[in-house]
Amino acid sequence: MNRTQLFSTSQESGPLYNALLTGIKVILLGYVLSFFALSFIAVPQADDWCFASTARYAGMLDGLVFWYLNWTGIYTTTAVLSTPIFATNIHVGVPIVSVFCFLLTIGSVYFLAFSVTKEHSDSSVLTLFGVSTFLANMPDASQGYYWVSSAASYLVSLSLFALSIALILEIESCKSKPIIRKILLVAVCFLLPGAHGAIGVAATGGYLLYVFLLYLIDRKLSKSVALAAFSSMVGTLIVVASPGNAARLGNHADKGSLFDTLYSTLQYSIAYGAHWMLEPSVWAAVACLCSLFFARSNSWLTGAERKKFLVAITSGLAIIFALIGLPLWAIGAVPNRLMNFAYFVFLLVLFSLVLGAVYRDTQGSKILGALVSRPFFIVANFMFVLSLFASHNFQALTNDLALAQAFLKEAEYRRAELARAESSKENPIRIERYSTPVKLLVFQKGDLEPESDWFANKCAAEYYNVQSIIGT
């Protein structure tokens, strides 16, 4: 066996290439699991207390009605946070929902990858590269995965969006009548705006743009995407019609003029886009994926299917713009946790455009042929792994893992103190704030505050049926 055969990246891959690929998959799996580990020690914060208190004393159904009428119309998230486990034991419910959201994210990305590649091995590679890149530079990991009410809203909507795209691809590429897939698509797209209203509006716009672009290309209407758009639009109207929206949005900054909103949206779009484009891990991931897939012609959608895939993901550009513009219009600001979702869509757009645009037979091209060469493959993977471990989120992760034991002791002590408070005559109940300097598990203003009238303190007091709680 010569050196070329040893490092071959064709379907008849050489043993050393397979060993390197297995090694990178193991490293990326470990990287993802490291973030996943923190989900098991997530603690109640901010809105978690409020949803749990309502679930405990009003029940799940009445809780859904209460939140819809008084605060928010996002019915999917409210349902997740009104489950009996929150009513009976919020300290157990928070880690369970955190784990659920993390697994749902990974599973939905894998299903999307599989709908594109149709190969389990390639799908696992795409999933690990995509999820690892997302975790490395998501704008606000603490509010994305480890604050449960936020995770349920943003990660569930992210997962539902990925599932909807995957189902559209499955339906468009299936010659038979996939009734079950269409039913699932309608259900997923209905639940999407119920997870987060702004994301539902943005996704609906993306679906409609997809219908329009696909009609220009094929001169026919895509019934599956039309179903997705209609179902998402119905769900969005339900969210928008919520009487509670006025109270919630009334607490935020005044809205500016239309010109100010458009100008601010453009500024945010350029700023965030430039930041993401400068992330080393993003381009290192692109280089690695190119080296892995350029020479594997049967592992990618071909012809019309690839065209539809590119049109679908390109519609994500409209989604990113809407995700930035809608909060600016509604509250005068763009929360970083919403940018977590926009960043995910950005990665889908970039990966699909780069891979789709340069996907050619590499045999006749020296430039493209170099992308599947031994040196490029080794260097690209080395740079990718290096950029992942050098990222800010990973540094924060290592800090939290190192402090996990101390943090767990504090969390257990707080749980015991809160349980004791139910039978205590003290007023106010004094609960020590977390002193362990974790960066991802507790976010700013998420803990109990020294002021008893802080909303999280009030909801925690209601949950334990005491007069008031203050953080000391």
Side-chain angles (χ1 to χ4, degrees), residues 39 42-101 104 143 145-157 159-160 187-188 190-200 234-252 335 337 415 418-419 421-422 429 445-448 452-469:
S39 298
V43 295
Q45 300 174 68
D47 295 355
D48 299 342
W49 293 108
C50 300
F51 283 102
S53 176
T54 304
R56 183 169 192 176
Y57 296 109
M60 186 171 182
L61 183 59
D62 287 345
L64 282 168
V65 174
F66 171 82
W67 288 113
Y68 187 83
L69 294 177
N70 294 280
W71 190 248
T72 178
I74 50 175
Y75 46 86
T76 304
T77 296
T78 305
V80 171
L81 297 173
S82 299
T83 51
I85 189 65
F86 274 88
T88 55
N89 194 332
I90 185 177
H91 301 282
V92 174
V94 166
I96 288 176
V97 174
S98 296
V99 169
F100 165 76
C101 289
L104 185 63
Q143 295 191 50
Y145 277 111
Y146 310 111
W147 171 23
V148 156
S149 55
S150 177
S153 180
Y154 295 92
L155 291 185
V156 170
S157 56
S159 301
L160 293 173
V188 166
F190 178 75
L191 292 173
L192 176 55
H196 193 285
I199 293 173
V234 171
T236 300
L237 290 175
I238 293 174
V239 173
V240 172
S242 167
N245 290 330
R248 180 167 57 90
L249 297 178
N251 292 333
H252 294 288
R337 54 185 181 270
R415 184 184 303 185
L418 287 169
E422 288 189 280
I429 304 297
K445 301 297 276 186
D447 198 5
L448 298 174
S452 62
D453 60 348
W454 177 245
F455 78 97
N457 296 52
K458 292 171 67 175
C459 290
E462 290 174 2
Y463 185 83
Y464 284 99
N465 196 25
V466 297
Q467 288 187 5
S468 62
I469 293 177

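Keep in mind that the numbers below use all heavy atoms, side chains included, and drop hydrogens, waters and symmetry copies.
Among all heavy-atom pairs drawn from Cys101 and Leu155, the shortest one is CB-CD1, 4.0 Å.
Every residue two or more places apart in sequence or in another chain that forms a ring pair (Phe, Tyr, Trp, His ring centres under 6.0 Å) with Tyr154 is listed here: His196. In this structure, the side-chain contact (heavy atoms from CB on, under 4.5 Å) partners of Ile96, at least two apart in sequence or on a different chain, are Ile85, Val92. Legend: residues meeting side-chain hydrogen bond (donor to acceptor under 3.5 Å, both in side chains) with Asp47, ordered by chain and number and at least two apart, are absent. With sequence neighbours excluded, the residues forming a side-chain contact (heavy atoms from CB on, under 4.5 Å) with Ser159 are Leu104, Thr105, Ser108, listed by chain and number. For Thr88, there are no side-chain hydrogen bond (donor to acceptor under 3.5 Å, both in side chains) partners, not counting sequence neighbours. Partners of Leu191 under the side-chain contact (heavy atoms from CB on, under 4.5 Å) rule, at least two apart in sequence or in another chain, are Thr76, Leu160. When the side-chain hydrogen bond (donor to acceptor under 3.5 Å, both in side chains) test is applied to Tyr68, no partner is found at least two apart in sequence or on another chain. Residues satisfying the side-chain contact (heavy atoms from CB on, under 4.5 Å) test with Asp48, not counting sequence neighbours, are Pro44, Gln45, Ile90, Val94, Trp147, Val148, Ser149.
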Identify every side-chain donor-acceptor pair in residues 57-67 under 3.5 Å, counting partners at least two apart or on other chains, and give the distances.
residue : atom : partner : partner atom : Å
Tyr57   : OH   : Glu462  : O            : 3.4
Tyr57   : OH   : Tyr463  : O            : 2.9

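Contacts classified as salt bridge (charged side-chain N to carboxylate O under 4.0 Å, His left out) and involving residues 84-99 (residues at least two apart or in different chains) are not found. The list of salt bridge (charged side-chain N to carboxylate O under 4.0 Å, His left out) pairs with a residue in residues 70-89, not counting sequence neighbours, is empty.
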**OP:** Evaluate side chain to side chain contact (heavy atoms under 4.5 Å, CB included) for Val156 paired with Thr77, printing each intermediate quantity in order.
**Re:** CA-CA 8 Å; Val156 170; Thr77 296; 5.6 Å; no
